[in-house]
Amino acid sequence: MMAPLGRGIAGPGDDPLLPPAPPFRILHVSTGNVCRSPITERLHRHALELRLGGAHSGGLIVESAGTWGHEGAPMEAHAATVCADYGADPGGFTGRELLDEHVIRADLVLTATRDHRAQVISMGHSAGLRTFTLKEFNRLVRAIDPATLPEPDPALPDCGLVERARALVGAAAALRGWLLAPTPESDEVHDPYGAPITFFRSIGDEINQALDPVVTALTGVPARA
């Protein structure tokens, strides 16, 4: 029988401490990877830092890419402003085109729209059960009883958050066929590219509100009042 992840039996010369589980990778996907997905990536990272303290991520890694990504491009200026509005750091961002390797490594893929979700799933790699639109995942997560998820455990190298995140994705996938969106549009985050800063800020607010229950479910830590 295979030992549970992160709980292997130490051999001669091995560190007796439990090794950390492989990180849980969250991939945000939009079109160009210069507006929506960078905002979501940086707001998500910032929210995790606020909940978990400092830069400690508890084994959760947040990245982004675009289905028509502008490889190496900086974040769009208005998108960077929106990140800064929420206290998130937009610095050092470079756009990426979505590749097979990104999907293969991702444990959870959250897309801006249903079209992006379909494109990710069409790439294969058994991505169907771990790919959702951001708003779809928000809707499913809010219906999951937190008591059914593994409790975070500070004694573990990853604080137990990797196991909790994997359980959350499985529970959300099981609910998908039962908890439908009121309208297809309600699962979409619209593209602000080329729009004025006011529209970017409204999209930033949508993303921030959609992320809040997701981060709470992932960490077991509610947002500060």
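From a predicted model like this one, the values you see are computed outputs, not experimental measurements.
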Full working for side-chain hydrogen bond (donor to acceptor under 3.5 Å, both in side chains) between Asp205 and Gln209: CA-CA 6 Å; Asp205 185 57; Gln209 289 189 46; 2.7 Å; yes

Intermediate values then yes/no, salt bridge (Lys or Arg N to Asp or Glu O under 4.0 Å), Asp187 and Arg139: CA-CA 9 Å; Asp187 277 346; Arg139 173 166 45 82; 2.7 Å; yes

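The line from CD of Glu71 to CD of Glu97 is 6.5 Å long, rounded to the nearest 0.5 Å. Atom CD1 of Ile121 is separated from atom OG of Ser126 by 11.5 Å, given to the nearest 0.5 angstrom.
In terms of heavy-atom proximity, Val214 sits nearest to Asn138 at CG2-CA, 4.0 Å. The two atoms that bring Arg96 and His102 nearest to each other are NH1-NE2, 3.3 Å, heavy atoms only. Nearest heavy-atom pair, Thr113 versus Glu188, reported as atom, atom and distance to 0.1 Å: CB-OE1, 3.5 Å. Scanning all heavy atoms of the two residues, the minimum distance from Leu27 to Ala106 falls at CB-CB, 3.9 Å.
Hydrophobic clustering, with ILVMFWY side chains joined whenever heavy atoms are under 4.5 angstrom apart, groups Leu134 together with Leu43. Hydrophobic clustering keeps Phe93 apart from Val82 (ILVMFWY residues linked when any side-chain heavy atoms are closer than 4.5 Å, directly or through intermediates). Val62 is connected to Leu108 through a chain of hydrophobic side-chain contacts under 4.5 Å among Ile, Leu, Val, Met, Phe, Trp and Tyr, so both are in one cluster.
Between the side chains of Asn33 and His70, no donor N or O sits under 3.5 Å from an acceptor N or O. Side chain to side chain, Thr133 and His116 fail the donor-acceptor criterion of an N or O pair below 3.5 Å. Of the N and O atoms on the side chains of Arg42 and Ser64, not one donor lies less than 3.5 Å from an acceptor on the other residue. In summary, the side chains of Glu206 and His190 do not present any donor paired with an acceptor at a separation below 3.5 Å, with no hydrogens or angles considered.
Below 30°, between 30° and 60°, or above 60°: for His78 and Phe200 the angle between ring planes is above 60°, a perpendicular geometry.
A salt bridge is absent between Glu49 and Arg45; no separation between the charged side-chain nitrogens and carboxylate oxygens falls under 4.0 Å.
Not a single donor-acceptor pair under 3.5 Å links the side chain of Arg25 to the backbone N or O of Ile61. In terms of modelled atom types and a separation under 3.5 Å, the side chain of Thr216 and the main chain of Pro213 share no donor-acceptor contact. Counting only distance, with no hydrogens or angles, the side chain of His46 and the backbone of Tyr86 share a donor-acceptor pair below 3.5 Å.
Sparse packing is recorded around OH of Tyr193, with 12 or fewer heavy atoms of other residues, nucleotides or ligands lying under 6.0 Å away. In Ile104, the CD1 atom is crowded: over 12 heavy atoms of neighbouring residues, nucleotides or ligands sit closer than 6.0 Å.
When side chains are defined from C-beta on, Leu110 counts as touching Ile26, because their heavy atoms get closer than 4.5 Å. For the pair Glu163 and Leu149, the minimum side-chain heavy-atom distance is 4.5 Å or more. For the pair Val169 and Phe24, the minimum side-chain heavy-atom distance is below 4.5 Å. The shortest distance between side-chain heavy atoms of Thr219 and Val215 falls below 4.5 Å. His28 is listed as a side-chain neighbour of Leu211, based on a closest heavy-atom distance under 4.5 Å.
Screening Arg166, Arg164, Arg130 for a salt bridge (Lys or Arg N to Asp or Glu O under 4.0 Å) involving Asp107 leaves a single residue, Arg166.
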